[in-house]
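Down below is the structure, laid out as C-alpha cells.
Each chain gets a letter, A, B and so on, in the order the sequences are listed, and its residues count up from 1.
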Amino acid sequence: MTRTRKMALFLPFLVFALLAGMFFSQLGKDTQYMPSALIGQPIPDFTLVELQTNKVLTHQDLNQQGPYLINFWGTWCPACSYEHEYLMTLAEQGITIIGIDYKDEPDKALVWLEERGNPYHLVLLDELGNFGLDMGVTGAPETFVVNSDGIITYRHQGIVNAQVWQEMKEFL
Amino acid sequence: MNRQCIMLCFLMLCSVFSYAETEKVFTFNSQLDEKRYNSMIAELRCPKCQNQNIADSNAEIAIDLRNQVYSMINAGSSDTEILAYMVARYGEFVLYRPQHSASNFILWYGPFIILGIGLVSFALVIFNNARRRQTKREKR
C-alpha cells in the first residue's frame, strides 16, 4: 500500500472528528432561539393610541426619541410582573422604554401601572395584537432595542433582567 | 343500565358541541380559497411552539396567524404574498418548505454532491482494479 492510500484510510475518521466537533459545539444551545426577521430594519408603520393621554401616535412620533427599548407586556402575562421591577430600575437609569400593552384591556393596564409604578415613556395600546404581528412577536414579554437611527438592533424573548441587560445594552 | 348508557352518550355529545363552539367558523369565497387556506396553515410553522404547524397549534400566536392567513386570502392576496408577509415578520423559520438560497445550499444539494463523489470514486476504484489486473496479465 502506498503512503497516500494509507493516508486516505484516515479520511473517514477525519470526517467523523469534524462532524463530532460541529455537533459538540452546538450542544447546550437554546433550541427555542429564533432570530428576529426585523433586525437591521426600521420599526414597522403603526397608528396606535397612547394609554394615558389617549393620543393617536404613529411610528414617526418615535423617531426623535433617540435610542430606546420597545417592551411588549400585558397584565395577563405572569412573566411580565417579574420583569416589571427590573424595567423600573432601567427607567431610573434613564433608559427610554416604550411599552406596548399587548392584547390587553386599557383599564387593567392603568391599574397595573398605578399599583406598580410606570417605567414607560409611552404606553401604546395594541389590543388586537396587530402591531405585535408586524413586529414578529410570539408572546409577552418581548423586548426590542431600537438605536438612535430608528433601526431595530436586538430582540429578546422573555424576561429582561440584569444578566440579559449586560448583553442588550451593547445594542443601544 | 340502558338509561345510563343513553345518558352517557348524551353527555359525550354535549362535550362535542361545546368543543365545536370554541372553534371560529371561517367562510370562504370559494372552495379553492378554502383549500388554499388549509394547505397554507399546514405549511406554516408556529413560531411559538416550534414543532407544530399553525393548523395544529392552539398557541395565541398560531390563532392570530391563522386569522391573518384567512383575512389575507379573503382580501385576494396570492400565496406568495402571504408567505412573503409571514417571512418578513417571522423569518424563513416559519416556512416548512424553506426557499433555496446560498445559506442552505449544502442542506438541499449536499446529499447529491456526496452521492456524486461516491459514484466517481466507485468508478475510479473499478477502473483502477481493471487496469491493475490487465498489467498483471501482461506481465505474465
Side-chain angles (χ1 to χ4, degrees), chain A residues 1-2 4-5 8-9 11-12 14-16 18-19 22 26 29-46 70 72-80 100 102-104 126-142 144 152 154-155 157-158, chain B residues 24 41 44-54 57-72 75 77 81-96 98-99 101 103-104 106-107 110-111 113-115 117-118 120-122 124-125 128-129 131-132:
Chain A
M1 231 188 248
T2 61
T4 44
R5 278 180 78 88
L9 290 178
L11 215 64
L14 278 179
V15 170
F16 167 77
L18 207 74
L19 278 178
M22 198 174 82
Q26 298 295 317
K29 282 210 175 158
D30 181 10
T31 51
Q32 296 285 305
Y33 174 73
M34 188 182 101
S36 168
L38 279 95
I39 302 295
Q41 289 184 38
I43 49 167
D45 299 358
F46 67 80
I70 296 182
F72 283 81
W73 64 284
T75 57
W76 49 268
C77 143
C80 298
I100 310 290
Y102 180 62
K103 293 194 163 192
D104 202 2
D126 186 24
E127 285 171 273
L128 297 174
N130 289 331
F131 184 57
L133 211 64
D134 283 343
M135 292 285 285
V137 162
T138 63
E142 215 166 283
F144 293 82
I152 298 166
Y154 190 77
R155 186 264 295 267
Q157 294 183 301
Chain B
K24 198 171 162 187
I41 62 171
L44 286 169
R45 183 174 175 190
C46 171
K48 185 84 184 171
C49 30
Q50 302 188 345
N51 289 324
Q52 282 182 307
N53 55 22
I54 62 171
S57 171
N58 268 325
E60 278 284 309
I61 194 68
I63 297 170
D64 284 358
L65 291 180
R66 284 203 295 264
N67 289 338
Q68 185 64 32
V69 170
Y70 169 72
S71 51
M72 283 183 88
S77 302
E81 276 166 355
I82 297 172
L83 290 180
Y85 175 95
M86 294 296 170
V87 169
R89 282 155 184 79
Y90 291 95
E92 275 209 28
F93 178 91
V94 292
L95 303 179
Y96 263 129
Q99 285 146 355
S101 69
S103 62
N104 57 26
I106 292 283
L107 282 178
I113 293 170
I114 291 173
L115 186 71
I117 293 173
V120 168
S121 38
F122 181 69
L124 276 178
V125 166
N128 276 346
N129 281 353
R131 208 174 52 181
R132 212 178 299 147

Should B/Glu60 and A/Thr138 be marked as a side chain to side chain contact (heavy atoms under 4.5 Å, CB included) after you check the CA-CA gap, both sets of side-chain angles, and the distance that decides it? CA-CA 8 Å; B/Glu60 278 284 309; A/Thr138 63; over 6 Å; no
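- No other option in A/Asn130, A/Leu128, A/Val137, A/Leu133 has as many heavy-atom pairs under 4.5 Å with chain B as A/Leu133.
- The contact between B/Gln68 and chain A is made entirely by side chain atoms (from C-beta outward), counting heavy-atom distances below 4.5 Å.
- Shortest non-hydrogen contact noted between A/Ala37 and B/Val87 is CB-O, 3.6 Å.
- Atom OH of B/Tyr96 has more than 12 heavy atoms from other residues, nucleotides or ligands within 6.0 Å.
- The backbone N or O of A/Met135 sits nowhere less than 3.5 Å from a side-chain atom of B/Tyr90 that would complete a donor-acceptor pair.
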